[in-house]
*Asks:* 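Take a look at the following structure, please.
Please read all numbers here as calculations on a predicted model, not as lab measurements. First the proteins, then the strands, lettered A, B, ... as listed; each starts at 1.
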There are 2 protein chains.
Amino acid sequence: MERRTYHHGDLRGALLDAAESLVRERGVDGWSLREASARVGVSPSAAYHHFASRDVLVRTLADRVLAGLGRRMANAAARADPAQRVVAAGRAYVRWAVEDPSVARLVFRGGSAEPAAAVTPHPHDVLSAELDRLAEAGVLSASARAGAEYVVWAALHGLATLLVDGLVHVDGPRALDREAERLVRTAITGLSHEPPRPVPRTGPRTRRYD
Amino acid sequence: MERRTYHHGDLRGALLDAAESLVRERGVDGWSLREASARVGVSPSAAYHHFASRDVLVRTLADRVLAGLGRRMANAAARADPAQRVVAAGRAYVRWAVEDPSVARLVFRGGSAEPAAAVTPHPHDVLSAELDRLAEAGVLSASARAGAEYVVWAALHGLATLLVDGLVHVDGPRALDREAERLVRTAITGLSHEPPRPVPRTGPRTRRYD
DNA sequence: CCGGCCATCTTAGCGGTGTTCAGAAACCGT
DNA sequence: ACGGTTTCTGAACACCGCTAAGATGGCCGG
């Protein structure tokens, strides 16, 4: 990490980058702020002019990384066969987690830097959008659609975390995709066969990765 | 923490108890081994005669706590209406997590003290048993039954972790139960409407909380 | 009853951590 | 050229996990 000037230029961004590498290499907590500073070529205390604490650094990084997941899901849905959009988004979710488990753990751990963080597009929202399509297409009734994003999200998130934490193991990307697809397919057909409810469901509230 | 003898008697157990309280009070990582030792009334280094490291202490505690969840699920299923057994077990899973989020995070984080830990009954196994009942009752075909534990488990685990990590919020225990029930009902009906597969599915492997 | 053994606990200390704070260094507008 | 401001440094504090060497006292053979 060469540095020709006394002032760094973009120390804040560089620290986030270093932290992301360290998370990837050694896990969410397997590194120190001092180490990240050293990697950037700066004294330990320099970081405190950009982040109030190590924890804020980590949570800011989590926010930054989460947006990438949302984009990946949206892209996957966009380039998929119209009948497969949700499935594609779901597959992207768990693939992302498995490809980079440490970073995924970082994000899943929750706790955002800014409460009103504008993470766009948020995974929850791309799931919601796809389910809206399904409702318009008539495969989901109004009552089944209400809160449906939470059942799909829960299923995906569950598989992703079980894999990422090593609680469950699948061998190979093919099997992984199959499992993710089965999950969202099961959820969708389950929802579509749901007995109609009198009052539209409300479901959980205040989704946030914050 | 009085102590009349120089030797403690059951320092190992006392340390696990102290650690469990500390996890409950301040989160999985919001405490130090020194603090747990002090709470038990013992010098910091005493712990190292019973646990190779702080990490081993924590993972041993996780094992101990996990068995409680399995028992709760089994009990809930046992005392439930026969048609509601899986639902009851699932409800127990997410209730348990929400009632004691820090401890749940501890368990969910994974990593066991002994790889071959005989955690009985394991949550995965009680889910499996209930799905076997459903298969016998004919609501699940053989191909739908194969690997179904992972679908249900993933859904439950996803909701539990989303709640525990504060990524979603439901207000009140009623809403919580409703959500958990919807999840497993959706999964079951989704699985029961699954198009039959030629070869019985294999599904993920090596379930373990270790 | 006693002496010694040995598991158990303690004291002291090492290297490393997050964080603070006073001051040096370089950039920037005038 | 210079003063003010931003940005980084150096030293220090309290605490951490962990180790090594020694004190303590329950226990067992005599």
*Asks:* Quick one: is D:dC8 close enough that its OP1 or OP2 comes under 4.0 Å of any side-chain N or O from A:H50?
*Replies:*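 For D:dC8, OP1 or OP2 has a side-chain N or O of A:H50 closer than 4.0 Å.
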*Asks:* Please report the distance, rounded to the nearest Å, between CZ in A:F51 and P in D:dT7.
*Replies:*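 Rounding to the nearest Å, CZ of A:F51 and P of D:dT7 are 13 Å apart.
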*Asks:* Nearest whole Å is fine: how far is C:dT17 P from A:L22 CG?
*Replies:*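 To the nearest whole Å, that distance equals 11 Å.
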*Asks:* What residues, two or more places apart in sequence or in another chain, satisfy side-chain hydrogen bond (donor to acceptor under 3.5 Å, both in side chains) together with A:D177?
*Replies:*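 Partners of A:D177 by the side-chain hydrogen bond (donor to acceptor under 3.5 Å, both in side chains) criterion, ordered by chain and then number, come out as A:R95.
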*Asks:* Given axes from five pairs at either end, by how many degrees does the helix from C:dC1-D:dG30 to C:dT30-D:dA1 bend, rounded to 10°?
*Replies:*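 Computed angle between terminal axes is 10°.
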*Asks:* What string of B, S and - do you get for nucleotides 10-19 of chain D 5' to 3' if you count protein non-hydrogen atoms under 4.0 Å?
*Replies:* B-B---BBBB
*Asks:* Can you pull the salt bridge (charged side-chain N to carboxylate O under 4.0 Å, His left out) pairs that have at least one residue in residues 68-81 of chain A, sequence neighbours excluded?
*Replies:*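 Applying salt bridge (charged side-chain N to carboxylate O under 4.0 Å, His left out) to every pair that reaches into residues 68-81 of chain A, excluding sequence neighbours, yields A:R72-A:E99.
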*Asks:* Salt bridge check, A:R185 against B:E194: does any charged N sit closer than 4.0 Å to a carboxylate O?
*Replies:*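 No, B:E194 and A:R185 are not salt-bridged.
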*Asks:* Which residues pass the side-chain hydrogen bond (donor to acceptor under 3.5 Å, both in side chains) test with A:R64, sequence neighbours left out?
*Replies:*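 In terms of side-chain hydrogen bond (donor to acceptor under 3.5 Å, both in side chains), with neighbours along the sequence ignored, A:R64 is linked to A:D17, A:E20.
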*Asks:* Partners of A:A92 by side-chain contact (heavy atoms from CB on, under 4.5 Å), sequence neighbours excluded?
*Replies:*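 Testing A:A92 for side-chain contact (heavy atoms from CB on, under 4.5 Å), a comparison that skips the adjacent residues, returns A:M73, A:A76.
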*Asks:* With sequence neighbours excluded, tell me which residues meet side-chain hydrogen bond (donor to acceptor under 3.5 Å, both in side chains) with B:E25.
*Replies:*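 Checked B:E25 against side-chain hydrogen bond (donor to acceptor under 3.5 Å, both in side chains); matches are B:R39.
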*Asks:* Could you tell me how far apart B:H49 (NE2) and C:dC6 (C1') are, to the nearest whole angstrom?
*Replies:*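 Distance, rounded to whole Å: 12 Å.
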*Asks:* State which residues pass salt bridge (Lys or Arg N to Asp or Glu O under 4.0 Å) with B:R145; sequence neighbours excluded, sorted by chain then number.
*Replies:*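 Result, salt bridge (Lys or Arg N to Asp or Glu O under 4.0 Å) vs B:R145: B:D132, B:E149.
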*Asks:* Listed by chain and number, what are the side-chain hydrogen bond (donor to acceptor under 3.5 Å, both in side chains) partners of B:R85, not counting sequence neighbours?
*Replies:*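 By the side-chain hydrogen bond (donor to acceptor under 3.5 Å, both in side chains) rule, B:R85 matches B:E130.
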